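Everything on this sheet refers to the single structure shown next.
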Amino acid sequence: MVTINPRRTPLIAGNWKMNLDHLQAIAFVQKLAWSLKDANHDFTAVEVAVFPPFTDIRSVQTLISADKLPLAFGAQDVSAQESGAFTGEISAAFLAKLECQYVIIGHSERRTLHNETDEQVAAKVTAALGQNLVPLICVGETAADLELHGPSAVPVAQLRAALAGVSNAADIVVAYEPVWAIGSGKAATPEQAEQVAAQLRLVLQETLGQDVADKTRILYGGSVKSGNIAAYMREPNVDGALVGGASLDVTEFGNIVRYLKHVG
Ligand SMILES: O=C(CO)COP(=O)(O)O
């Protein structure tokens, strides 16, 4: 039996990474909204968010706002700087102006491919909160970390570091994404996801207090599909999913969003 914590609305988030241009984004979002509406999806029971590339955001915003679609959206990264000579960077203020609700921070692809440090992640979290964006903070261990340090040491340390400048009233989302599970088809087991999510909730409790720990959503990410989502959602500390590859297929993503249909 799945029990929905009334303080934590499940969130299914699609991280498109560097896929879909702005025209494809418009077609995708329209199709997603229509298919969920046709299926009578209850958006108050499961929140849905998409994270398109920067160049798509204005188009997605215009569509969602004009058609009053019950979808949230956000960016995949943000600068820690407010403004100035930072070629190629995008500020939190720009994202807020585009009505982004969320921003992904510290995705493992940025940590590894762009050498993002825990300190930079923390600075980006502070910048996002300064513009009332909800940071979706990604943490996760590599296969080597798992072997060396066990399942939760690295994600716990990354979350502690990311929260360095955060006050205890903050609205944040945490995503546990084991690096070895991303795009590999080798998803963590629901028990593994729950074990780490429970440790991450303890970090939230210690650093930001019980209230924030109770209301903060912790997502699992890494090879999530319509066939495995329900099992994660049965876990008490897993409040949703951050979906990569499977979020690019409207039907598959819609089926992930509608996991309640498959949860006993
Ligand atoms: O990195 C991810 C989401 O941010 C997960 O990617 P996959 O769902 O493709 O494994």
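Only a predicted model underlies this, so the values are computations on that prediction, with no experimental measurement involved. Along the sequence shown, residues are numbered consecutively beginning with 1. For ligands, and for the atoms within them, numbers begin at 1 and follow the listed sequence.
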Under a 3.5 Å distance rule, please check whether [X] uses its side chain to pair with a backbone N or O of [Y] as donor and acceptor.
X	Y	result
Asn237	Glu194	no
Glu141	Leu146	no
Arg201	Asp214	no

Problem set entry | Heavy-atom neighbours of Phe43 CZ exceed 12 at 6.0 Å | yes
Exercise. For Glu191, does the CD atom have more than 12 heavy-atom neighbours from other residues, nucleotides or ligands under 6.0 Å away?
Worked result: yes
Exercise. Among all protein non-hydrogen atoms, which one is nearest to atom 8 (O) of ligand 1, and what is the separation to 0.1 Å?
Worked result: Gly244 N, 2.9 Å
[X] heavy atoms, cut-off 4.0 Å: which ligand 1 atoms fall inside?
X	answer
Gly183	7 (P), 9 (O), 10 (O)
Asn15	3 (C), 4 (O)
Ser223	7 (P), 8 (O), 10 (O)
Leu242	3 (C), 4 (O)
Gly245	7 (P), 8 (O), 9 (O)
Glu177	1 (O), 2 (C), 3 (C), 4 (O), 5 (C)

Exercise. Would you say the side chains of Asp145 and Thr142 form a donor-acceptor pair under 3.5 Å?
Worked result: yes
Any nitrogen or oxygen of [X], side chain or backbone, less than 3.5 Å from one on ligand 1?
X	value
Gly222	no
Ser184	no
Val243	no
His107	yes

Problem set entry | Within residues 75-95 or reaching into it, pairs that qualify as salt bridge (Lys or Arg N to Asp or Glu O under 4.0 Å) - sequence neighbours excluded | Asp77-Arg110, Asp77-Lys124
Exercise. Quick one: does Ala181 get within less than 4.0 Å of ligand 1, heavy atoms only?
Worked result: yes
Exercise. Hey, is Ala246 one of the residues with a heavy atom under 4.0 angstrom from ligand 1?
Worked result: no
For this session: Using the test side chain to side chain contact (heavy atoms under 4.5 Å, CB included), find all partners of Thr207 that sit at least two apart in sequence or belong to another chain.
Result: Arg160, Leu163, Val203
Exercise. Do you know which of Leu63, Val29, Val60, Val50 makes side chain to side chain contact (heavy atoms under 4.5 Å, CB included) with Leu71?
Worked result: Val29
